[in-house]
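Only a predicted model underlies this, so the values are computations on that prediction, with no experimental measurement involved. Only heavy atoms go into these numbers, but all of them, side chains included; no hydrogens, no water, no symmetry mates.
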Amino acid sequence: MTVIIRNTSAMEPPPAAPVNGDGRPYRHEMIYAGGTYRGYADDAAELVGMLIPGYAALATDGERATARVRLALDLQVRVQAELAAGPRLDACGEAERAVVLGARHEPPAPARWEAPVPLVLVSTFYEPAGALPRPSGPAELQVWLDPADDWTLLTSLHTAGAIFVGTRAGT
């Protein structure tokens, strides 16, 4: 069972955390949709279900994997746009801007990435899972979204700043 509540503004204290059917706090809290919602659940699949409508009803592991990849691709575009906003994009060369602002129907595949705007990539398409070689260059200039499984997806989205996931201590 999950609980989703509307988040408060930054000017107000956070809402009280709900409890599960056992009367205990939920194991995980997720803030998502640009900070609009807080979701509470006891397992990672339930949190992913908050991000992907109908996820719990998908019948096979393959269908769930495809849904996670689609979510990662959607969030790749959003996170890349956020990272490209501002003066860092102006410091990019023409070829770098083309990669940052390019369509994502094909994964970007630069051999090396050193542009001032971090490049957001979905790990499914790159070695070892996919066929493309991973770009070389500073790790801080590559943001990896990894839809391999529920928890890996959530932690990669958290690291990228697309969501916030907290886990109750002692679980």
Side-chain angles (χ1 to χ4, degrees), residues 2 27-37 39 41-167:
T2 62
R27 183 173 181 204
H28 305 292
E29 174 187 50
M30 177 174 68
I31 300 172
Y32 65 105
T36 302
Y37 296 105
D42 285 323
D43 72 41
E46 292 173 324
L47 293 178
V48 173
M50 293 176 197
L51 301 172
I52 303 172
Y55 187 71
L58 296 175
T60 67
D61 290 341
E63 289 173 332
R64 288 186 289 279
T66 297
R68 289 191 306 270
V69 169
R70 286 184 179 151
L71 175 67
L73 290 168
D74 180 48
L75 291 176
Q76 174 192 29
V77 172
R78 292 181 195 185
V79 172
Q80 188 69 77
E82 290 171 8
L83 292 172
R88 290 192 292 186
L89 184 62
D90 295 337
C92 289
E94 187 176 322
E96 294 166 333
R97 270 194 301 278
V99 172
V100 169
L101 300 175
R104 292 299 186 257
H105 65 282
E106 289 187 26
R112 182 160 183 82
W113 191 255
E114 293 180 335
V117 175
L119 186 59
V120 182
L121 304 162
V122 177
S123 64
T124 304
F125 304 108
Y126 301 87
E127 296 172 342
L132 295 173
R134 288 178 173 249
S136 63
E140 65 272 10
L141 293 177
Q142 297 177 27
V143 177
W144 289 95
L145 305 182
D146 189 350
D149 61 48
D150 295 327
W151 190 247
T152 304
L153 174 63
L154 293 169
T155 57
S156 69
L157 294 177
H158 173 93
T159 300
I163 63 171
F164 169 82
V165 177
T167 300

Worksheet entry | Any side-chain heavy-atom pair of Thr124 and Pro147 under 4.5 Å | yes
Worksheet item: Under 3.5 Å, side chain of Ser136 to main-chain N/O of Ala111, donor-acceptor pair present?
Response: yes
Worksheet item: Do Arg68 and Asp150 meet the salt-bridge criterion of a basic N to acidic O distance under 4.0 Å?
Response: yes
Item to complete: Please examine the side chains of His158 and Phe164, heavy atoms only from C-beta on, and report whether any two atoms are closer than 4.5 Å.
Response: yes
Worksheet item: Taking side chain as C-beta onward, heavy atoms only, is Pro107 less than 4.5 Å from Val122?
Response: no
Worksheet item: Going from NE2 on His28 to CG on Leu154, what distance comes out if it is rounded to the nearest 0.5 angstrom?
Response: 8.5 Å
Discussion item. Keeping Arg97 on the side-chain end and Cys92 on the backbone end, is there a donor-acceptor pair under 3.5 Å?
Written reply: yes
Worksheet item: Is any NZ, NE, NH1 or NH2 atom of the basic residue among Arg78 and Asp74 found under 4.0 Å from an Asp or Glu carboxylate oxygen of the other?
Response: yes
Worksheet item: With a 4.5 Å limit on heavy-atom distance, are the side chains of Arg64 and Ile52 in contact?
Response: no
Discussion item. Nearest 0.5 Å, please: how far is CD in Glu96 from CD in Glu114?
Written reply: 8.5 Å
Practice prompt. For residues Gln80 and Pro118, report the shortest heavy-atom separation together with the two atoms involved.
Written response: NE2-O, 2.9 Å
Response to the item:
Between Val120 and Gln76 the two heavy atoms that sit nearest each other are O-NE2, 2.9 Å
Fill in: Heavy-atom pair of closest approach, residues Arg104 and Gly102
NH1-O, 2.9 Å
Discussion item. Looking at every heavy atom in both Leu145 and Leu75, which two are closest together, and how far apart are they?
Written reply: CD1-C, 4.1 Å
Response to the item:
CG (Leu157) and OH (Tyr32) are apart, to the nearest 0.5 Å, by 13.0 Å
Worksheet item: Going from CG on Leu73 to NE2 on His105, what distance comes out if it is rounded to the nearest 0.5 angstrom?
Response: 12.5 Å
Fill in: Arg70 atom CZ: more than 12 heavy-atom contacts under 6.0 Å
no
Worksheet entry | Test item: Phe125 and Val69 side chains (from C-beta on) under 4.5 Å apart, heavy atoms | yes
Worksheet item: Is Leu121 close to Trp113 at the side-chain level, that is, under 4.5 Å between some pair of heavy atoms?
Response: no
Worksheet entry | Trp144 and Tyr126 aromatic ring geometry - parallel, tilted or perpendicular at 30°/60° bounds | perpendicular
Practice prompt. Considering non-hydrogen atoms only, spot the tightest contact between Ala41 and Met50 and give its length.
Written response: CB-CE, 4.1 Å
Worksheet item: Looking at OG1 of Thr155 and CG of Asp149, how far apart are the two atoms once the value is rounded to the nearest 0.5 Å?
Response: 8.0 Å
Fill in: Modelled atom types, side-chain donor and acceptor of Ser123 and Asp146, under 3.5 Å
yes
Worksheet entry | Taking every non-hydrogen atom, the tightest pair across Leu132 and Pro108 | CD1-O, 4.5 Å
